[in-house]
Amino acid sequence: MIPDIDSVDIAHLASGDTLAIQVYKFRGATPGKKAYLQANLHGAELSGNAVIYQLIQFLCELDPCQLQGEIWLVPTCNPFATNQRSHHYASGRYNPYTGTDWNRIFWDYEKDLENQNRSSIAEFAKTQLHLNYQQIQNNFRQQLRSRFEELKQAENRASGLPFEDHYRYQLQSLCLDANYVLDLHSSTDQSFDYLYCFQGREASAKYFLLNTAILLDCYDGDAFDESFMKPWLSLEKQLEKLGKVVKFDLEAWTIELGSGMQINPDSVYRGVRGVKNYLVSKGMLDIQRFPLIQTASKTVQFFPKSKSQKYYAKQGGMLQSRVLLGTWITSGQLLYQLLVFNREGCLPQLVDVHSEDSGLVYDLSSNASVNQGEYILEVLTQPNPA
């Protein structure tokens, strides 16, 4: 297959140059569902680009009859963040103009309805009870699209839009009609491979063949995956309240691929394998050996997002004897030692810090030098049954 390659402008610069993203669109011999994949929304999160590169190579070698529907892939989806640097450090997590996390800027349809005093999703659900699954999905998607295009038209006004708004509309427009949205990330610091999973979609998590998932039991709706999935989950909930049980074939995933500022070959391998396995399991790809045999017996350990616990430095110092990434800790176990200096004529001290709860250490700060109040590590606690 040869993809259609489109370029989407996202910012015209004072120098006369234009920042753009490139979309690789693979279309199968028969129409069907759409999968959308992007990588590098945060500047330091690089492994997803290597995953998309390998997927592009792989898809180019397939016959169109092996793909039902279409797959869109967008590497370096935020060139503004990707190009941000501080010395040798790849920053790019926050918009330098506003301080906002690049993954907290996206359009939340429900909040938009509330702010504009428009008809709610609950009211829409009441008008759909006599319709079938596909009709409801088509009607709701059209409603989403109409409101989205209405807001996007603000770009044409003389007053214009802030860059964040312009960028989010350009990026979200690529996936509004998708069935599956896969947002490839990495930790800004040090981490292993895991998923973010929405409630009600746990059964599909095993297709990615990863061991750990964070269950989104609380969220605001302004992250990329949340902005796509939240209105559909709300519609399902409202229909169920009215006695009509519907589960749309729509899913959004954030796939976390190891640590930031590096391309880890093992994380890339697991990312490529998981995406292939997922798309085959969803009936979009027909390739040999997939779905992999271990899929049927795969178990995933789910940790509720609301129960994760971050540890911050109670005083400044240097970290040593810190627990290793992926360690299962028990309550009261030594997490790290802090080598503390002072300007009070006293000797330096070693301060032991112990865990408050049991759990899995899944994220560590990259810098061993911390000021008071700075982040050190995060623990996933209270796993849910798989």
Side-chain angles (χ1 to χ4, degrees), residues 1-6 22-40 46-77 174-175 177-186 193-198 201-213 225 228 247-258 263-300:
M1 279 187 293
I2 303 299
D4 294 323
I5 303 176
D6 292 343
Q22 193 152 282
V23 188
Y24 299 84
K25 302 177 180 179
F26 290 88
R27 294 185 171 91
T30 55
K33 296 180 286 190
K34 173 180 172 180
Y36 173 85
L37 290 81
Q38 69 178 27
N40 212 176
L46 307 176
S47 289
N49 295 319
V51 170
I52 286 182
Y53 168 72
Q54 290 192 24
L55 289 172
I56 290 172
Q57 286 189 310
F58 166 75
L59 291 169
C60 283
E61 296 173 355
L62 294 186
D63 188 278
C65 67
Q66 292 178 272
L67 169 61
Q68 183 173 344
E70 52 193 289
I71 300 173
W72 291 18
L73 303 106
V74 186
T76 59
C77 72
L174 300 175
C175 72
D177 60 344
N179 295 83
Y180 311 124
V181 170
L182 282 65
D183 195 10
L184 308 183
H185 283 251
S186 299
D193 307 325
Y194 64 93
L195 295 167
Y196 280 98
C197 175
F198 287 91
R201 299 304 189 268
E202 293 93 331
S204 294
K206 67 179 182 180
Y207 299 145
F208 293 101
L209 302 172
L210 298 177
N211 297 325
T212 306
D225 57 350
F228 175 82
K247 187 173 182 179
F248 299 103
D249 187 16
L250 300 167
E251 295 179 355
W253 305 89
T254 292
I255 307 173
E256 295 281 350
L257 298 171
I263 294 180
N264 185 313
D266 292 335
S267 293
V268 172
Y269 166 78
R270 283 188 284 268
V272 173
R273 180 189 64 172
V275 170
K276 287 181 183 178
N277 202 57
Y278 177 81
L279 295 177
V280 170
S281 299
K282 288 298 181 181
M284 293 189 67
L285 287 179
D286 179 13
I287 55 179
Q288 292 184 350
R289 300 188 301 106
F290 283 85
L292 295 174
I293 191 169
Q294 61 264 43
T295 305
S297 60
K298 181 64 182 176
T299 59
V300 180

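Predicted model, so just to flag it, every value in this text is computed and none were measured.
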Check the pair F208, W253 against ring-ring contact (aromatic ring centres under 6.0 Å, His included), reporting the backbone distance first and the verdict last.
CA-CA 10 Å; F208 293 101; W253 305 89; 5.2 Å; yes
With side chain to side chain contact (heavy atoms under 4.5 Å, CB included) as the criterion, how do L210 and V300 come out once you've worked through the C-alpha distance, each side chain's angles and the decisive distance to 0.1 Å?
CA-CA 7 Å; L210 298 177; V300 180; over 6 Å; no
With side-chain hydrogen bond (donor to acceptor under 3.5 Å, both in side chains) as the test, would you mind laying out the steps for T76 and N40 before giving the verdict?
CA-CA 5 Å; T76 59; N40 212 176; 5.7 Å; no
Using side chain to side chain contact (heavy atoms under 4.5 Å, CB included), reason through Y36 and L182 one step at a time and then give a plain yes or no.
CA-CA 6 Å; Y36 173 85; L182 282 65; over 6 Å; no
If you apply the rule side chain to side chain contact (heavy atoms under 4.5 Å, CB included), what do you find for I263 with N49, and how did you get there?
CA-CA 9 Å; I263 294 180; N49 295 319; 5.7 Å; no
L257 vs V268, test: side chain to side chain contact (heavy atoms under 4.5 Å, CB included). Steps then yes/no.
CA-CA 7 Å; L257 298 171; V268 172; over 6 Å; no
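Distance check: S281 OG to L285 CG gives 10.0 Å after rounding to the nearest 0.5 Å. With rounding to the nearest 0.5 Å, the separation of CZ in F26 from CE in M284 is 12.5 Å. Note that the CD atom of Q68 and the CG atom of D286 stand 10.0 Å from one another [nearest 0.5 Å]. Rounding to the nearest 0.5 Å gives a distance of 9.0 Å between CE of M1 and SG of C65.
Side chain of T295 to main chain of P291: no donor-acceptor pair is present (N/O by atom type, distance under 3.5 Å, no hydrogens or angles). Counting only distance, with no hydrogens or angles, the side chain of N277 and the backbone of L292 share a donor-acceptor pair below 3.5 Å.
When all heavy atoms of S204 and K282 are compared, the pair lying nearest together is OG-NZ, 2.9 Å. What you find for D177 and K34 is that their closest heavy atoms are OD1-NZ, 2.7 Å. Residues C197 and A213 approach most closely at CB-CB, 4.4 Å, considering heavy atoms. Taking all atoms of both residues into account, the shortest heavy-atom contact from Q66 to I287 is NE2-CG2, 4.0 Å. Closest heavy-atom contact between F228 and A178: CZ-O, 3.3 Å.
A donor and an acceptor atom, one from each side chain of D193 and S267, are located under 3.5 Å apart. Residues N264 and S47 bring no donor and acceptor atom of their side chains to less than 3.5 Å of each other. Counting only N and O atoms by type, the side chains of Q38 and D183 include a donor and acceptor under 3.5 Å apart.
Put simply, the side chain of L184 reaches to within 4.5 Å of the side chain of I52, judged on heavy atoms. The shortest side-chain heavy-atom distance between Y24 and Q22 falls under the 4.5 Å cut-off. With a 4.5 Å cut-off on side-chain heavy atoms, L67 and L279 do not count as touching. Counting heavy atoms from C-beta on, the side chains of V74 and L37 never come closer than 4.5 Å. Annotation: side chain of R273 is in contact with side chain of L209 (closest heavy-atom distance under 4.5 Å). Side-chain contact between E256 and L195 is absent, with no heavy atoms from C-beta onward closer than 4.5 Å. The closest side-chain heavy-atom distance from L73 to K25 is not below 4.5 Å. L55 is listed as a side-chain neighbour of V275, based on a closest heavy-atom distance under 4.5 Å.
Heavy atoms of other residues, nucleotides or ligands lying less than 6.0 angstrom from CZ of F248 number more than 12. Y269 OH: 12 or fewer foreign heavy atoms inside a 6.0 Å radius. Other residues, nucleotides and ligands place more than 12 heavy atoms under 6.0 Å from the CD1 atom of I5.
Ion pairing of K33 with E70 is absent here, as no side-chain N (NZ or NE/NH1/NH2) approaches a carboxylate O to less than 4.0 Å.
Aromatic ring centres of Y196 and Y194: separated by under 6.0 Å.
By the side-chain contact (heavy atoms from CB on, under 4.5 Å) test, K247 pairs with R201, E236, sequence neighbours left out. Evaluation of the ring pair (Phe, Tyr, Trp, His ring centres under 6.0 Å) rule for Y180 yields Y278 as partners, not counting sequence neighbours.
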